[in-house]
Amino acid sequence: MTTWDDVATRDVPLASLTTYKLGGSARYLAIPEREQELVRIVGLLRDDPLPVAVLGRGSNVLISDRGFDGLVIRLGRGFSWVSVGETVSAGSATPLPLLARTAARAGRTGLEFYVGIPGSVGGALTMNAGCHGSDTKDVLVTASVLDLSDAAALDLSYRHSNLGPLQVVLQAEFATEPADAADCERRIREITRWRKAHQPGGVLNAGSVFKNPPGDSAGRLIDQAGLKGLIVGGARVSPMHANFIEAGRGATALDVYRLIRTVQARMEERGISLEPEVRFLGSFED
Ligand code: EPU
């Protein structure tokens, strides 16, 4: 009989799979390379349920220092591919900057904004990722999704773990228009330059921490509240952009988590509710 040790690796540190480079280990990590392997995992979930989390490129997630006591699924390189035609299709694990550059080089416009988002195609669909006035819903045509919660017994695990229904994106198809490749590549350079000028680079972070309140900017509001540079342990509200939290030397995931909650509380005192955009994985509270 197949067991978790046949399809996944036990006690794997997850920090290196995230942009924060923080957090503990997964009880199991599975890196399927093909849909068939993923289907096998779904089958095993039915027989031997575990809490499950799907990790993309880890650019919008904070993993607890205590890790995640369940199965983390990260789609392997077999799910990273781009196919350019009138639409552009890509596997779930494809890095968004690679998708943007491949489409631009082939003279298909519409996906340039993805060059500024260090996530994956699957992550983009999960978060409706966007920047520079475009987001995923504007360009998505179709997606193929495997529903892990189809495994009847998964109910058992999420009653105990509070996990919602889990869906794994397998691939997606995006709308594009024909254009001059040089123009597309120029747009890509503009976006890259804009990011360097406006967002912190060279420091560990996970992009915007909070969602923007309707019609406003979390960064502007946190800045206005004087919270730039606020420190908890090794974590700091970026002096460059107040909606970014940087993890410095010696930072723990708990430092980042506490700083997020501190900023949230300080903003709440001013009557402003901010909802984290970063996803939390594992437990942070006692
Ligand atoms: N601002 C300040 N102080 C700050 C930061 C920003 O006054 O510390 C002001 C800016 O001057 C600007 C306004 O706030 O007038 C908006 O800032 P910005 O243009 O940087 O955009 P944002 O709303 O903070 C959003 C996305 C980013 C995306 C940029 C560019 C969200 C939560 N963030 O940021 O996405 O890159 O627009 O399109 O929607 C991400 O989601 O992780 C992310 C980085």
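Throughout, numbering of the chain's residues begins at 1 and tracks the sequence. FYI, side chains are in, hydrogens and waters are out, and symmetry mates aren't considered; it's all heavy atoms of this structure. In each ligand, atom 1 is the first atom listed, and ligand 1 is the first ligand listed.
In this structure, of Asn212, Asp216, Ile222, the residue bringing a heavy atom nearest to atom 39 (O) of ligand 1 is Asn212.
The proximity of Phe113 to ligand 1, defined as any non-hydrogen pair under 4.0 Å, does not occur for either the backbone or the side chain. Only the side chain of Lys228 comes within contact range of ligand 1, with a heavy atom under 4.0 Å; no backbone atom does. Residue Ser217 touches ligand 1 through its side chain alone, judged by heavy-atom distances below 4.0 Å.
No donor-acceptor pair under 3.5 Å is formed between the side chain of Ser283 and the backbone N or O of Glu285. When atom types are taken as modelled, the side chain of Asn128 and the backbone of Thr136 share a donor-acceptor pair closer than 3.5 angstrom.
Near Phe244, meaning under 4.0 Å from one of its heavy atoms, ligand 1 places the atoms 44 (C). Here is the list of ligand 1 atoms found below 4.0 Å of a heavy atom in Gly207: 42 (O). Of all atoms in ligand 1, listed by their number and element, those nearer than 4.0 Å to a heavy atom of Phe210 are 32 (C). Here is the list of ligand 1 atoms found below 4.0 Å of a heavy atom in Asp223: 2 (C), 3 (N), 4 (C), 7 (O), 8 (O). Residue contact check: His132 has heavy atoms under 4.0 Å from atoms 30 (C), 38 (O) of ligand 1. Ligand-side atoms of ligand 1 in range of Glu277: 32 (C), 40 (C), 41 (O), 42 (O), range being under 4.0 angstrom from any heavy atom. With ligand atoms numbered from 1 in the order given, ligand 1 contributes 28 (C), 30 (C), 36 (O), 38 (O) to contacts under 4.0 Å with heavy atoms of Cys131.
No salt bridge links Arg40 with Glu37; every basic N to acidic carboxylate O contact stays at or beyond 4.0 Å.
Residue contacts with ligand 1: Lys211 is placed with no nitrogen or oxygen under 3.5 Å of a nitrogen or oxygen of the ligand (distance criterion only). Backbone and side-chain nitrogen or oxygen atoms of Ala206 are examined, and none is located within less than 3.5 angstrom of a nitrogen or oxygen of ligand 1. Where the criterion is an N or O separation shorter than 3.5 Å, residue side chain and backbone included, Asn243 fails it with respect to ligand 1.
A side-chain donor from one of Thr87 and Glu173 sits under 3.5 Å from a side-chain acceptor of the other. Residues Tyr114 and Ser134 have side chains that never bring a donor and an acceptor to within less than 3.5 angstrom of each other. Between the side chains of Glu268 and Ser273, a donor-acceptor pair is found at a separation under 3.5 Å. Checked by atom type, the side-chain pair Thr109/Glu177 shows no donor-acceptor distance below 3.5 Å. Judged by distance alone, the side chains of Glu246 and Asn205 never bring a donor and an acceptor atom under 3.5 Å apart. Residues Asp5 and Tyr28 bring a donor and an acceptor atom of their side chains to less than 3.5 Å of each other.
Of all protein heavy atoms, the one lying nearest to atom 20 (O) of ligand 1 is His241 NE2, 2.8 Å. Among all protein heavy atoms, the one lying closest to atom 43 (C) of ligand 1 is Ser208 OG, 3.1 Å.
Minimum interatomic distance between Ala103 and Val88 (heavy atoms only, all atoms of both residues): CB-CG2, 4.3 Å. Here the shortest heavy-atom pairing between Glu33 and Arg77 reads OE1-N, 2.9 Å.
The presence of a protein heavy atom under 4.0 Å from atom 10 (C) of ligand 1 is ruled out. Distance check for atom 37 (O) of ligand 1: every protein heavy atom is found at 4.0 Å or beyond. Within 4.0 Å of atom 15 (O) of ligand 1, not a single protein heavy atom is present.
Between Gln199 and ligand 1 there is a heavy-atom distance shorter than 4.0 Å. Assignment of Trp194 to the shell around ligand 1 is supported, since a heavy atom sits closer than 4.0 Å. Remark: distances from the non-hydrogen atoms of His198 to ligand 1 are all 4.0 Å or more.
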From CA spacing to verdict: side-chain contact (heavy atoms from CB on, under 4.5 Å), Ile260, Phe210
CA-CA 9 Å; Ile260 291 174; Phe210 297 103; 3.8 Å; yes
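To the nearest 0.5 Å, atoms CD (Glu277) and CG (Asn243) are separated by 7.5 Å.
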